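Computed from heavy atoms alone, side chains included, the values below leave out hydrogens, waters and symmetry copies. Fair warning: this is a prediction, and the values are worked out from it, not measured in the lab. The chains referred to below are lettered A, B, ... by the order of the sequence lines, with proteins before strands, and numbering in each begins at 1.
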Protein chains: 2
Amino acid sequence: MYNENDFHYLYATMNTNATDLYQSWLSSLQNSGYRLTETRRALVEILAASSHALSAVELYDLGRRECPRLGLVTVYRTLEKLEELGLIQRVHQPGGCHMYLRAAQGHQHLLLCTACGRAEYFDGDDLSTFMNSVADQSGFDVRDHWLQLFGLCQQCRDHDL
Amino acid sequence: MYNENDFHYLYATMNTNATDLYQSWLSSLQNSGYRLTETRRALVEILAASSHALSAVELYDLGRRECPRLGLVTVYRTLEKLEELGLIQRVHQPGGCHMYLRAAQGHQHLLLCTACGRAEYFDGDDLSTFMNSVADQSGFDVRDHWLQLFGLCQQCRDHDL
DNA sequence: CAGATAATGACACTCCTTTTCATTTACACC
DNA sequence: GGTGTAAATGAAAAGGAGTGTCATTATCTG
Ligand SMILES: [Mn+2]
Ligand SMILES: [Mn+2]
Ligand SMILES: [Zn+2]
Ligand SMILES: [Zn+2]
């Protein structure tokens, strides 16, 4: 899925959108009383620019390019704070462990490429009528839902041709 | 969510349906060349009768009531075989680790009670038109989806009144 | 009943994540 | 610009979930 030696995608997708995210995440950290360190800036920059969900170790490896002294513990602590502020979210992998990705904006769900790991959000799903019928049949008070789609992204489809 | 001292639910929900499941799972194991041991019968009985997804440790604790010498490793090995035969499936918890539950029949999805952990399957979801529109907009070839609903089951709603 | 082999439990190990603690760093205040 | 204080860091150790190894035990076949 994710290739250790292929970090091009990270900065290839670094657009104004990602730069804005980067700045707003730094502000968000600062407004919550957290300090801005070199390490933290580096990790935030990587996460805000990534088109893939990243595991803690992947983020650790990417982070050490900027901050060679970086420790894995700091990665986990940074992820914890960004998640607490609602800036990133965990993505559950079929295998078991977590990856991390910028959080959804409002009511969005994930679309994941099973070949390269690319993650995109989509919106516009309206499950309300369906959920009402499930509620009626089951007696449950349905309060939340969790929807993820899996498939092949445009690039991976092209690559396969 | 799940109370260590409250195993009533397990046998309270033991109905003919669960008894049938129990017998068919044993047959399934036998037909695949696996042997029927006392330990295995006990674990299968618990899983087939459970209305909740169980963690490995929960299953371990329940199993030791019947087989005090039971080891946690045996629990994992039994879960592995039952999953391999398609009789149970993993349920991903928001927290991270897995729980295990009888497998879905055909195209079904899960409905989980956030208060007591009760798990029920439902069917009848038709996301095809929605998934087509997502595919069009994203360029993804959407091949699979993962849907879980969360809410309060009838019992927990009554209990709250 | 006896032999072949699957299953078990104890132990040790790996992997991911969290805790602890001494040191370093950022930021508020003067 | 210094200075003090509390937050952040990295190293090391601990924790929890899950897997591998191996000698012993139990199941099934004939
Ligand atoms: Mn939705
Ligand atoms: Mn479906
Ligand atoms: Zn892809
Ligand atoms: Zn409930």
task: Nearest whole angstrom, please: distance from the P of D:dA17 to the CG of B:Leu79.
output: 14 Å

query: About how many Å separate SG of A:Cys67 and OH of A:Tyr60, when rounded to the nearest 0.5 Å?
result: 11.5 Å

- request: Select from A:Val57 and B:Thr78 the residue whose nearest nucleotide in DNA chain C is closer to the 5' end of that strand.
  value: B:Thr78

message: At under 4.0 Å between heavy atoms, how does the protein contact nucleotides 19-30 of chain D? Give one character per nucleotide, 5' to 3', with B, S or -.
response: BBB----BBS--

- prompt: Tell me: CG of A:Leu70 to C1' of D:dA11, nearest whole Å?
  reply: 13 Å

- prompt: Can the ring centroids of A:Trp146 and A:His92 be said to lie less than 6.0 angstrom from one another?
  reply: yes

message: Can a donor-acceptor pair be found, under 3.5 Å and without considering hydrogens, that links the side chain of B:Ser50 to the backbone of B:His52?
response: yes

- prompt: Can you tell me if B:Arg143 uses its side chain to pair, donor with acceptor, with the backbone of A:Thr114 under 3.5 Å?
  reply: no

task: Go through the side-chain N and O atoms of A:Tyr100 and A:Glu58 and say whether any donor and acceptor fall under 3.5 Å apart.
output: no

message: When you measure from the side chain of B:Ser138 to the backbone of B:Val134, do you find a donor-acceptor pair of N or O atoms at a distance under 3.5 Å?
response: yes

- line: Computed from five pairs at either end and rounded to 10 degrees, the angle between the axes of the helix from C:dC1-D:dG30 to C:dA26-D:dT5 is 40°

field: Between A:Phe130 and B:Phe130, ring centroids under 6.0 Å
entry: no

- prompt: Nearest 0.5 Å, what's the NE2-CG distance between B:His109 and A:Leu147?
  reply: 8.5 Å

- request: Please determine if a side-chain N or O atom of B:His98 lies less than 4.0 Å away from the OP1 or OP2 oxygen of D:dA17.
  value: no

message: Can you tell me how far apart CZ (B:Arg118) and CZ (A:Phe140) are? Round to the nearest 0.5 Å.
response: 7.0 Å

message: What is the first contacted nucleotide of DNA chain C and what is the last, in 5' to 3' order, if contact means an atom lying under 4.0 angstrom from a heavy atom of chain A?
response: C:dC16 to C:dC27

message: Looking at A:Thr74 and A:Leu70, would you say the former's side chain and the latter's main chain have a donor-acceptor pair under 3.5 Å?
response: no

message: Is the distance from the ring center of B:His107 to that of B:His145 below 6.0 Å?
response: yes

message: Taking any heavy-atom pair under 4.0 Å as a contact, classify B:Ser55: base, sugar-phosphate, or nothing.
response: nothing

